[in-house]
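The structure appears right after this line, and notes come after that.
Naming: A, B, ... by sequence-line order, numbering from 1 per chain.
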Number of protein chains: 2
Amino acid sequence: MKRQDSMGYQINHVARLFAQALRVRVAPHGVVPGQFAQLLALYEQEGVTQNQLCDQVKIDQSTMAHTLQRMERDELIQRVPDPADRRRALIMLTDRAREVQDDLVNAALRVNAVAMRGFTPEQVAVCLELVTRMIDNLEADGSEEEISPREET
Amino acid sequence: MKRQDSMGYQINHVARLFAQALRVRVAPHGVVPGQFAQLLALYEQEGVTQNQLCDQVKIDQSTMAHTLQRMERDELIQRVPDPADRRRALIMLTDRAREVQDDLVNAALRVNAVAMRGFTPEQVAVCLELVTRMIDNLEADGSEEEISPREET
DNA sequence: TATATTTCCATGGCAAGCAATGTATTGCAA
DNA sequence: TTGCAATACATTGCTTGCCATGGAAATATA
């Protein structure tokens with residue numbers, strides 16, 4: 001079996017190419033790929049806690065803490081203490097983050113268009129669906145140890 | 001548009017899940033996901049230079065240098081100086097690397113099986129083909145600045 | 001042959017991922 | 001009310017990715 005026939009191998013490769021294509025397009029705006037998912041989530045809804053953001057973009061809590069620190073340093077977000085719970089802070093976008101919103105969204109759309117150049121709309125839909133099913137499958141795999149097997153029906 | 005409908009977003013997510021699924025399965029063998037592609041390439045052909053390995057697994061030269069250092073430290077590879085060119089070294093597998101080969105390949109196959117659980121053979125083939133086309137598209141995008149545009153027909 | 005360019009690899013810097021652990025706050029329970 | 005468990009976030013350590021730069025060796029050129 002060749003490496004190129006392994007889905008995991010190819011997925012890893014294409015993911016690095018996506019990140020790279022995004023990097024060159026958003027770097028001029030002072031944004032890096034790892035901040036992208038967080039910004040998109042915050043454009044949809046800001047004022048959320050770090051934990052909520054973790055759930056939404058599905059990355060580790062410690063990774064999120066680091067990334068938010070850089071985003072705060074880069075003046076993309078601001079954290080306001082939650083008076084209801086002093087452990088938490090609510091994450092707000094800065095003006096600068098809103099100013100680049102359109103450019104970032106366009107960059108993402110262009111990268112997707114480049115990647116799927118020559119795809120029919122059906123192929124795009126099929127590909128997204130299959131990738132989403134892989135996500136579901138792998139998430140189920142990763143969480144099955146955490147649930148006690150004896151508790152399952 | 002939702003994040004979950006963006007190919008780049010989903011690809012990033014599924015790639016992290018693949019890496020994670022692989023990590024838990026190969027960690028007991030003292031191997032980490034970032035060494036995987038290199039090992040597979042070396043199982044096919046060893047005695048290659050660092051540069052050749054870069055071309056084969058498509059990662060940056062500096063990343064390769066770091067990873068090979070860790071693989072040498074972990075006694076997975078050995079570098080023998082090339083008498084024909086003293087800048088180079090030929091990369092050889094250790095006995096330990098060969099001992100875990102079957103386990104690693106099986107781990108990769110199991111991860112792929114988990115990810116594509118419920119897929120028909122046709123869906124597997126279609127997905128692989130579409131992902132490969134995205135790789136080709138994105139590689140073409142990344143290399144077109146390096147070629148002088150005036151040289152194009 | 002001396003010099004300049006190119007090639008190969010190493011190195012340092014930063015981003016971004018996970019794991020494990022620490023700390024403060026909250027909430028529950030005795 | 002005091003003490004303990006759970007929660008939220010920070011921190012440290014390591015891997016893996018990129019970029020930019022540096023040094024040594026090989027190759028091309030003057």
TODO: Work out which heavy atom in A/A21 is nearest to a heavy atom in B/D141; give both atom names and the distance.
DONE: CB-OD2, 4.1 Å
Task: Value in whole Å for how far the P atom of D/dA8 lies from CG of A/L53 - done: 14 Å
TODO: Take atom CG of A/D55 and atom C1' of D/dT7, then tell me their distance rounded to the nearest Å.
DONE: 13 Å
- [ ] Give the rounded distance in Å between these two atoms: CG of B/L22 and P of D/dT15.
- [x] 16 Å
- [ ] Rounded to the nearest 0.5 Å, what's the gap from CG on A/D5 to CE on A/M7? Could you check?
- [x] 10.0 Å
Task: Whole-Å distance separating the CD atom of B/Q69 from the C1' atom of D/dT16 - done: 13 Å
Open item on the list: Checking side-chain contact (heavy atoms from CB on, under 4.5 Å) between A/L39 and each of A/E44, A/R98, A/M71, which is the one that passes?
Closed with: A/M71
Task: Distance (rounded to the nearest 0.5 Å) between B/T49 OG1 and B/I91 CD1 - done: 6.5 Å
Task: Closest contact, heavy atoms only, B/A89 versus B/R79 - done: CB-CB, 4.0 Å
Task: Members of residues 83-92 of chain B that approach DNA chain D, where some heavy atom sits under 4.0 Å away - done: B/D85, B/R86, B/R87
Task: Beyond-backbone contact of A/L130 with A/M134, side-chain heavy atoms, under 4.5 angstrom - done: no
Task: From A/R133 atom CZ to B/Q123 atom CD, the distance as rounded to the nearest 0.5 Å - done: 4.5 Å
Open item on the list: Closest-nucleotide mapping onto DNA chain D: is A/T49 or A/N12 further toward the 5' terminus? I mean the 5' end.
Closed with: A/T49
TODO: For A/R79 and for A/R23, locate the closest nucleotide of DNA chain D by heavy-atom distance; then report the residue assigned to the nucleotide nearer the 5' terminus.
DONE: A/R79
- [ ] With sequence neighbours left out, write down each residue that passes side-chain hydrogen bond (donor to acceptor under 3.5 Å, both in side chains) with B/R96, or none if nothing qualifies.
- [x] none
Open item on the list: Within the 4.0 Å heavy-atom criterion, would you say B/R16 contacts the bases, only the backbone, or no part of the nucleic acid?
Closed with: sugar-phosphate
- [ ] Kindly state which residues belonging to residues 29-37 of chain A come within less than 4.0 angstrom of DNA chain C, counting heavy atoms of the residue only, listed by number.
- [x] A/V32, A/P33, A/G34, A/Q35
Open item on the list: Rounded to whole Å, how long is the line connecting atom CZ of A/R73 with atom C1' of D/dA10?
Closed with: 17 Å
Open item on the list: So, taking the atom named NE2 in B/H66 and the one named CD in B/Q61, what distance separates them when rounded to the nearest 0.5 Å?
Closed with: 9.0 Å
- [ ] Kindly indicate whether the side chain of A/L109, heavy atoms from C-beta on, has any atom under 4.5 Å from the side chain of A/N106.
- [x] yes
Open item on the list: Quick check against the 3.5 Å criterion: does B/R70 have a side-chain atom that pairs as donor or acceptor with the backbone of B/G34?
Closed with: no
TODO: Output the residues of residues 56-68 of chain A in contact with DNA chain D, where contact means a heavy atom of the residue under 4.0 Å from an atom of the strand; sort by number or write none.
DONE: A/Q61, A/S62, A/A65, A/H66
Task: Nucleotide range of DNA chain C lying under 4.0 Å from chain B heavy atoms - done: C/dT7 to C/dA19
- [ ] Find the bend of the helix from C/dT1-D/dA30 to C/dA30-D/dT1 as the angle between its two terminal axes (five pairs each), to the nearest 10°.
- [x] 10°
Task: Under 3.5 Å: donor-acceptor pair, side chain of B/R25, backbone of B/R110 - done: no
Open item on the list: Under a plain distance cut-off of 3.5 Å, with no hydrogens placed, do A/R16 and A/N12 share a side-chain donor-acceptor pair?
Closed with: yes
Open item on the list: Between B/T132 and A/Q4, is there a side-chain donor-acceptor contact under 3.5 Å, judged purely by atom types and distance?
Closed with: no
Open item on the list: Quick check: do A/N137 and B/M116 have side-chain heavy atoms less than 4.5 Å from each other?
Closed with: no
TODO: Check for a donor-acceptor pair, side chain of B/Y43 on one end and backbone N or O of B/L93 on the other, with a separation under 3.5 Å.
DONE: no
